[in-house]
Number of protein chains: 2
Amino acid sequence: MPEKTNRKGIIVDIAQGLFSRFGFLKTTIDEIAKAARMGKASLYHYFRNKEDIFREVINKESKVLSNKIREAVDKEETPQEKIKAFIITRMKYLKELVNIYAALKDEYLTHYAFIEKARENNYKEEIETVKAILDEGIAKKIFIAPDVELTSFAIISALKGLEYPWTIKIPVPELEDNLNKLLEILFNGIVKK
Amino acid sequence: MPEKTNRKGIIVDIAQGLFSRFGFLKTTIDEIAKAARMGKASLYHYFRNKEDIFREVINKESKVLSNKIREAVDKEETPQEKIKAFIITRMKYLKELVNIYAALKDEYLTHYAFIEKARENNYKEEIETVKAILDEGIAKKIFIAPDVELTSFAIISALKGLEYPWTIKIPVPELEDNLNKLLEILFNGIVKK
DNA sequence: AAATAGAACATAAAACAAATATGTTCGAAC
DNA sequence: GTTCGAACATATTTGTTTTATGTTCTATTT
């Protein structure tokens, strides 16, 4: 834990809390400034504009998410376990990191260019993460080697399709149980051997 | 082809055309009436209200979609081919049937109770269709028998996740090629045997 | 009865203006 | 390098009026 002596980092932390509670649109520069015990004009010494503050918050949360996922994946031995760790960790922390979640999902943020950038970055990173696991599995002769690019894309897309009905309707323990069954399909298919 | 002598059916056809072009909100009762060469008050002899007209249009398109899918699925022999036929036919006709597509996807229709009903019905029917194919495959000793309910749910959800990026980014011939590869995974998995 | 529509009605949407809130800039002070 | 009061331009909200639209009523026609 590095001590925060730099003003900028502190402001980002404070903004993160406000954005988490009220969202990007409903949080005002003035509120952030007051919470940081500053005049709002002072914020412009550290940030170009409001978007810039939100961008930094999102960057911060993105890094936290990436690190959590990397840790969880690295901890596992088999590529099968790595894929499972990726999915579970992603679902768990995405829900906690309110701002990056909003940046990725909320319709009303779609128009902002920097949000689109964040989404694209996140998408590419997720694809890359899965691709790396698949490649490793292939190198270890555990997975067969079809179209890795397409398979990664499919896993991520399918995950997004499952995400919404899953998180809404289903309690967490049952969720892991279901995930195991679906991974069983991903790994071994549904055709009798 | 039954000759349309009944006024109600004709009105529904006309409304279908207008709703397809302008959507539910932007189509007025007056426009429908004029297109049918009637005063708008006369429409209320056949329909309770505007929603009621749209509901009939959606019902009509739903039946078309269901029939197309049933035909395509029944035509195939193996359960593998049936699943593929289901997915392709669904994607193809859903795009053509503008109103049911809007009813299922458009955010601005979410609040209407009758739209929610239509979505739920569609969802259940899709799940049932896939479940029937899976059950048949299991009965024929082609598929293994895990959690059929969950598997159907997963196939439909994953499909919805794939649908959007797929239809946007990818040309149709490549799409069928990709689908084949993904079905290969669904059937046989990615783990080396 | 069944079908039609003109007119009236209530409500929703659009248009407009005034008031307020908010993001951003500037210049001065520390 | 930091801070901020004040000013500014613009976005948002609010209240009001007008218009458009969905629906009902009643009378007339078939």
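The structure displayed is predicted, hence computed values, not measured ones.
- Counting non-hydrogen atoms under 4.0 angstrom, Tyr46(A) reaches the backbone sugars and phosphates but no base.
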Residues 101-109 of chain A, side-chain donor-acceptor partners within the protein, below 3.5 Å, at least two apart:
| residue | atom | partner | partner atom | Å |
| --- | --- | --- | --- | --- |
| Lys105(A) | NZ | Glu163(A) | OE1 | 2.5 |

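- Spacing between atom CZ of Phe47(A) and atom P of dT3(D) amounts to 12 Å, rounded to whole angstrom units.
- In this entry the distance linking CE of Met38(B) with P of dA5(C) reads 6 Å, nearest Å.
- Remark: of the listed residues Ile53(B), Leu25(B), Val98(B), Ile58(B), Ile53(B) is the sole one forming a side-chain contact (heavy atoms from CB on, under 4.5 Å) with Phe19(B).
- Atom CG of Asn6(A) is separated from atom C1' of dT2(D) by 14 Å (rounded to the nearest Å).
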Contact letters for nucleotides 19-25 of chain D, in which S counts primed atoms plus P, OP1 and OP2 and B counts the base, heavy atoms under 4.0 Å: --SBBB-
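- A salt bridge does not link Glu31(A) with Lys40(A): every distance from a Lys NZ or Arg NE/NH1/NH2 to an Asp or Glu carboxylate oxygen is 4.0 Å or more.
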Working for side chain to side chain donor-acceptor pair (under 3.5 Å), residues Asn67(A) and Arg70(A): CA-CA 5 Å; Asn67(A) 288 336; Arg70(A) 192 189 353 268; 2.8 Å; yes
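- At least one side-chain nitrogen or oxygen of His45(A) sits closer than 4.0 Å to the OP1 or OP2 atom of dT2(D).
- Following rounding to the nearest Å, Lys8(A) (NZ) and dG1(D) (P) show an atom-to-atom distance of 14 Å.
- The phosphate of dA5(C) (OP1 or OP2) has a side-chain N or O of Ser42(B) nearer than 4.0 angstrom.
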Output a table of donor-acceptor pairs, distance under 3.5 Å, between side-chain atoms of residues 140-156 of chain B and any protein atom two or more places apart or on a different chain; print 'none' if there are none.
| residue | atom | partner | partner atom | Å |
| --- | --- | --- | --- | --- |
| Lys140(B) | NZ | Glu136(B) | OE2 | 3.2 |
| Asp147(B) | OD1 | Glu149(B) | N | 3.3 |
| Asp147(B) | OD1 | Leu150(B) | N | 3.0 |
| Asp147(B) | OD2 | Lys181(A) | NZ | 3.1 |
| Thr151(B) | OG1 | Asp147(B) | O | 2.7 |
| Ser152(B) | OG | Val148(B) | O | 2.8 |

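- In this entry the distance linking OH of Tyr108(A) with P of dT12(D) reads 13 Å, nearest Å.
- The side chain of Arg7(B) contributes no N or O atom lying less than 4.0 Å from OP1 or OP2 of dA2(C).
- One interatomic measurement links the two molecules: CD1 of Ile11(A) to C1' of dC4(D), which rounds to 13 Å at whole-angstrom precision.
- Cation-pi geometry between Lys50(B) and Tyr44(B) is not met at under 6.0 angstrom from the ring centre and within 45 degrees of the axis.
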